[in-house]
Amino acid sequence: MRDLLFLGTAGGNPIQSSSTSILVEDDKNNLLIDAAGGGDLILRLHEAKRNPLEITNVFISHCDSDHILGIVSLFRRFKLQNKKRNIFCSKYTKTAINSLFKYIAKYHYQKVKKNLNFIIVKDKSRYKIGKWSLQFFDIKPKKTPQMGCIINFPDNKKLVFLGDEPLKEHYFNIVKNSDILIHNAFSSEKEEKIFKSHEKGHSTVKDAAISAKKLNAKSLLLYHMQDKKDLKSRRKRYTKEAKNYFKGRVFVPYDLDKYKF
Ligand SMILES: [Zn+2]
């Protein structure tokens, strides 16, 4: 049994939640997918009763602020322990990290650097962490260079993280038939005109559900969502919309929600 802990469920510019950060963990292994938009990542970890020092693997999908800036606080925590950790990211994202720490938290970074094992991932790169098999893929985005990630677990369960742009044909074959599909949903279809999900290069709940059906996923988990309007009813509204297009399980988390699989 393992958990997905949603530390942040919002897209950019949230007002009531944290931005993207998801911790995948079992009793032997963990991987933090994205690092939210700032120091709130550490708050969220503490709220979830997790010690940031327990994190041993981090994957940064791309260097947009809502996915990466939490690494400043996270790396400062990592500095407190002399332990190696893997940081998976593309060459482009690594350049962004270098430029960030050139001035910000410079002295903390110099001390922690020796323990950060950067693994530069490319399209179709594969790695093992414990018994988990990771595969990365270039989503070939319209905006900032971005990688998606697939995790195959020893019990043959497959998790797919598609990044924050709509589904693209070129990686269709490697991401189909997943047990867990983590898909962005910038707004409901109903609110597309208000939040301009498509214009901003993201998906609506309807788009995410159609992707899940096309990809023959067993369950659809949404992230990168709106929190500006009717947050309380978000789970209900989004689940209802997704169910119109996808018959599998739908999970619409709030920050700190857990999904067991
Ligand atoms: Zn984003």
Side-chain angles (χ1 to χ4, degrees), residues 4-24 31-41 43-44 58-74 87-90 92-97 99-100 121 136-150 159-168 171 175 180-189 191-192 194-208 211-212 220-229 231 234 238 251-257:
L4 276 176
L5 171 60
F6 287 85
L7 295 159
T9 56
N13 284 326
I15 57 169
Q16 304 179 71
S17 332
S18 288
S19 311
T20 305
S21 186
I22 306 166
L23 182 64
V24 192
L31 174 72
L32 183 73
I33 301 178
D34 284 342
D40 52 327
L41 172 63
L43 297 183
R44 287 286 186 244
V58 180
F59 163 52
I60 305 293
S61 64
H62 64 302
C63 63
D64 282 355
S65 59
D66 53 319
H67 298 258
I68 195 173
L69 285 181
I71 60 167
V72 177
S73 314
L74 189 64
I87 315 293
F88 297 91
C89 66
S90 68
Y92 188 89
T93 299
K94 177 64 170 56
T95 306
I97 292 172
S99 80
L100 177 71
V121 300
F136 298 90
F137 56 97
D138 187 343
I139 74 162
K140 297 188 180 149
K142 285 199 176 134
K143 301 185 291 178
T144 314
Q146 182 169 177
M147 307 297 290
C149 170
I150 301 165
L159 177 151
V160 170
F161 172 80
L162 283 184
D164 73 0
E165 292 205 5
L167 177 70
K168 294 179 180 65
Y171 55 72
V175 301
I180 311 285
L181 179 70
I182 305 176
H183 199 299
N184 88 88
F186 194 71
S187 73
S188 62
E189 185 68 22
E191 291 174 326
E192 207 282 327
I194 305 170
F195 295 113
K196 301 187 170 53
S197 312
H198 294 147
E199 196 184 305
K200 289 179 179 164
H202 302 302
S203 311
T204 63
V205 176
K206 177 185 170 185
D207 301 330
S211 299
L220 169 66
L221 284 68
L222 300 180
Y223 86 107
H224 209 277
M225 296 176 279
Q226 275 309 323
D227 73 343
K228 293 186 184 63
K229 252 182 101 216
L231 179 61
R234 185 177 73 186
Y238 282 24
F251 186 65
V252 182
Y254 290 106
D255 287 14
L256 301 178
D257 275 353

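Everything quoted here is computed from the prediction, not taken from an experiment. Along the sequence shown, the residues carry numbers beginning at 1. Both ligands and their constituent atoms are indexed starting at 1 by order of listing.
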task = Determine whether Leu4 and Ile180 make a side-chain contact, defined as any pair of heavy atoms from C-beta on separated by less than 4.5 Å.
result = yes
ask   = Can you check whether Lys200's main-chain N or O pairs, donor with acceptor, with Lys143's side chain at less than 3.5 Å?
value = yes
query = Distance-only, no hydrogens or angles: does the Asn184 side chain make a donor-acceptor pair with backbone N or O of His202 under 3.5 Å?
reply = no
query = How are the rings of Phe137 and Tyr171 set relative to one another: parallel (under 30°), tilted (30 to 60°) or perpendicular (over 60°)?
reply = tilted
remark   = Output for pair (Phe88 CZ, Leu31 CG), nearest 0.5 Å, gives 7.0 Å
message = Please give me the protein atoms (N, O or S only) lying under 2.8 Å from the Zn ion (ligand 1), ordered by chain and number.
response = Asp66 OD2, His67 NE2, Asp164 OD2, His224 NE2
Residues, nucleotides or ligands: over 12 heavy atoms within 6.0 Å of Tyr254 OH = yes
